[in-house]
Peer 1: 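Handing you this structure, nothing more for now.
The sequence lines fix the lettering, A, B, ..., with proteins before strands; numbering per chain opens at 1. Heavy atoms only: backbone and side chains are in, while hydrogens, waters and symmetry mates are out.
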2 protein chains.
Amino acid sequence: MPGTVHIVDDDASFRTALERRMRKAGYEVATYASAQQLLDRMPAESGPACILLDVKIPGLSGPDLQQRLAELGSTLPIIFVTGYADVRATVKAIKAGAEDVLTKPIMSEQLLPAVERALAHHQTSRGLKARLDELRARLARLTPRETQVFELVVQGRINKQIAQQLGATERTIKAHRHRVMEKMGVDSLAELVSMAERLDVLRRLSAGNGKAD
Amino acid sequence: MPGTVHIVDDDASFRTALERRMRKAGYEVATYASAQQLLDRMPAESGPACILLDVKIPGLSGPDLQQRLAELGSTLPIIFVTGYADVRATVKAIKAGAEDVLTKPIMSEQLLPAVERALAHHQTSRGLKARLDELRARLARLTPRETQVFELVVQGRINKQIAQQLGATERTIKAHRHRVMEKMGVDSLAELVSMAERLDVLRRLSAGNGKAD
DNA sequence: TCGGACATTGCCCCAAAGGACAATGCCCGA
DNA sequence: TCGGGCATTGTCCTTTGGGGCAATGTCCGA
């Protein structure tokens with residue numbers, strides 16, 4: 001799979017060596033001497049990509065960068081590269097959503113499959129994120145009142161109940177409801193509920209870990 | 001949190017030492033000299049519990065047991081115990097849903113929090129599993145025809161369309177639909193769709209990894 | 001101050017969903 | 001062979017949902 005590999009390592013020679021291997025394998029490459037550098041030149045997500053990230057680098061550490069990226073809603077899969085076997089850190093990294101952890105010296109038999117997996121996962125998660133963002137955008141277009149109606153509707157309340165709860169007429173609720181369906185781009189209650197459910201599930205996941213996006 | 005710790009290790013002295021530490025910490029303990037032994041005496045899931053599992057044991061290995069348990073739909077969190085730092089295996093174990101990986105000698109500062117986390121997670125996942133099983137059970141009570149109607153209904157099709165697609169009368173669909181709502185224990189389309197969505201999402205997760213249950 | 005976004009309602013009509021009551025036909029295991 | 005589960009329909013009536021058409025009132029930024 002074609003894709004871009006972002007290499008973050010403070011050791012210039014290691015960085016270059018890795019870059020060569022990646023280019024030879026057919027990937028686009030971008031290198032960074034520090035985590036901050038990557039954040040500054042934050043790569044536009046145009047295609048499948050991943051990060052080869054050294055754990056121990058000056059300034060923001062590998063795990064620090066991982067956290068920052070998660071906070072920024074990045075979908076870039078991270079493959080950690082570490083000089084020594086640290087089980088504690090490895091567990092933590094994977095739980096935080098890292099794609100893999102490789103120890104130096106990095107064997108190609110491990111590196112290449114890991115990169116391929118990462119790119120494939122990124123492909124998938126980008127798609128998911130795109131769809132979710134689309135839903136969120138639609139949801140954001142609802143007016144406050146429409147949002148209230150939306151929430152009650154997907155909970156299964158009938159117009160009469162909603163009207164009573166919001167202190168309005170059933171006719172009014174119908175009007176809001178109509179606009180909600182319109183703005184959300186669905187034409188059946190089932191689709192609306194399904195959409196709400198997805199937003200909800202994904203919202204929960206996002207709250208839990210950085211792998212959500 | 002009170003709970004039971006299942007210890008699997010072929011080294012009797014290590015097993016006993018660990019058992020003592022766990023009892024002292026206030027947990028119920030059950031020990032097994034092999035993975036097979038645990039499978040044979042498969043613990044009934046009565047309360048929060050977890051497994052302290054040695055990676056390298058004769059017969060079924062730790063990871064092997066992990067896989068078997070996943071296939072059996074177990075929700076028991078596994079904390080791996082390993083003699084040496086193996087990053088590859090660690091990554092694989094965590095990805096396969098392991099709760100944690102600890103290296104010997106096992107420090108209490110790592111062990112006790114890990115066990116607590118495992119028990120807490122088990123508590124949660126048991127709850128999720130129970131709810132999911134409930135849904136599955138309800139779904140299983142539907143007759144073939146009702147299942148067909150169920151699927152079309154949650155897709156947002158209206159009775160008329162369903163009737164046409166299934167080659168039946170609208171009246172018939174209403175009858176099936178009514179029984180579906182009844183058997184699934186809901187009284188609004190929204191709830192039915194929500195239920196279907198959960199079953200679907202969780203089904204996907206189950207297919208992906210052993211952590212699903 | 002004017003136009004636009006938002007919230008609200010009324011009236012009317014049609015389509016769809018929910019249920020009550022009732023009945024028919026098939027198939028299968030006890 | 002009989003009872004039960006399952007699938008199917010009919011008729012009739014009520015409740016909900018969906019929309020067209022139209023209008024009013026508030027609030028706010030240009």
Peer 1: Taking only Lys NZ, Arg NE, NH1 and NH2, and the carboxylate oxygens of Asp or Glu, determine whether Glu170(B) and Lys174(B) approach each other closer than 4.0 Å.
Peer 2: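 Salt bridge flag = no for Lys174(B) with Glu170(B).
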Peer 1: For nucleotides 17-30 of chain C, just jot down a letter per nucleotide in 5' to 3' order: B, S or -, based on protein non-hydrogen atoms under 4.0 Å.
Peer 2: BBSBB---------
Peer 1: Give a yes or no on whether Lys92(A) atom NZ has more than 12 heavy-atom contacts from other residues, nucleotides or ligands under 6.0 Å away.
Peer 2: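 Open.
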Peer 1: How many Å lie between CG on Leu192(A) and C1' on dG17(D), as a whole number?
Peer 2: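 Rounded to the whole Å, the gap is 14 Å.
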Peer 1: Counting only heavy atoms not in Glu28(B), do more than 12 fall under 6.0 Å of its CD?
Peer 2: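 Atom CD in Glu28(B) is not packed in, count stays at 12 or less.
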Peer 1: Start with the C-alpha distance between Leu72(A) and Leu39(A), add both sets of side-chain angles, then the distance that settles side-chain contact (heavy atoms from CB on, under 4.5 Å), and finish with yes or no.
Peer 2: CA-CA 10 Å; Leu72(A) 295 174; Leu39(A) 287 171; 4.0 Å; yes
Peer 1: Flag yes if more than 12 heavy atoms outside Gln161(A) fall under 6.0 Å of its CD atom; otherwise flag no.
Peer 2: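 Check passes, neighbour count above 12.
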Peer 1: What pairs of residues pass the ring pair (Phe, Tyr, Trp, His ring centres under 6.0 Å) test when at least one of them lies in residues 152-178 of chain B, not counting sequence neighbours?
Peer 2: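 Found none.
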Peer 1: Does atom CZ of Arg88(A) have more than 12 heavy-atom neighbours from other groups under 6.0 Å away?
Peer 2: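 At most 12 heavy atoms, drawn from other residues, nucleotides or ligands, come within 6.0 Å of this atom.
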Peer 1: End-to-end bend of the helix from dT1(C)-dA30(D) to dA30(C)-dT1(D) (five-pair axes, 10° rounding)?
Peer 2: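 The end axes of the helix from dT1(C)-dA30(D) to dA30(C)-dT1(D) are about 40° apart, to the nearest 10°.
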Peer 1: Pull out every residue in residues 147-154 of chain B that has a heavy atom closer than 4.0 Å to any atom of DNA chain D, ordered by number, or say none.
Peer 2: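 When residues 147-154 of chain B is checked for heavy atoms under 4.0 Å from DNA chain D, there are no hits whatsoever.
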Peer 1: Between Thr169(A) and Thr172(A), is there a donor-acceptor pair closer than 3.5 Å when you use the side chain of the first and the backbone of the second?
Peer 2: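 Not at all, since once roles are kept as given, no pair shorter than 3.5 Å links the two residues.
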Peer 1: Reading nucleotides 2-8 of chain C from the 5' end, what letters show protein touch, with B for base, S for backbone sugar-phosphate only, - for no heavy atom under 4.0 Å?
Peer 2: ----SSB
Peer 1: Using a 6.0 Å cut-off, check whether atom CZ of Arg41(A) has over 12 heavy atoms from anything other than its own residue.
Peer 2: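 Check passes, neighbour count above 12.
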Peer 1: Gln155(A) and Glu151(A): side chain to side chain donor-acceptor pair (under 3.5 Å), yes or no, with the steps?
Peer 2: CA-CA 6 Å; Gln155(A) 276 173 32; Glu151(A) 286 171 354; 5.8 Å; no
Peer 1: Mind checking side-chain contact (heavy atoms from CB on, under 4.5 Å) for Leu199(A) and listing every partner two or more places apart, or none if nothing turns up?
Peer 2: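 Per chain and number, Leu199(A) pairs via side-chain contact (heavy atoms from CB on, under 4.5 Å) with Leu132(A), Leu135(A), Arg136(A), Leu139(A).
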Peer 1: Look only at the side chain of Ser194(A) and the backbone of Ala190(A), and say whether a donor-acceptor pair between them is shorter than 3.5 Å.
Peer 2: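 Checked: no pair found.
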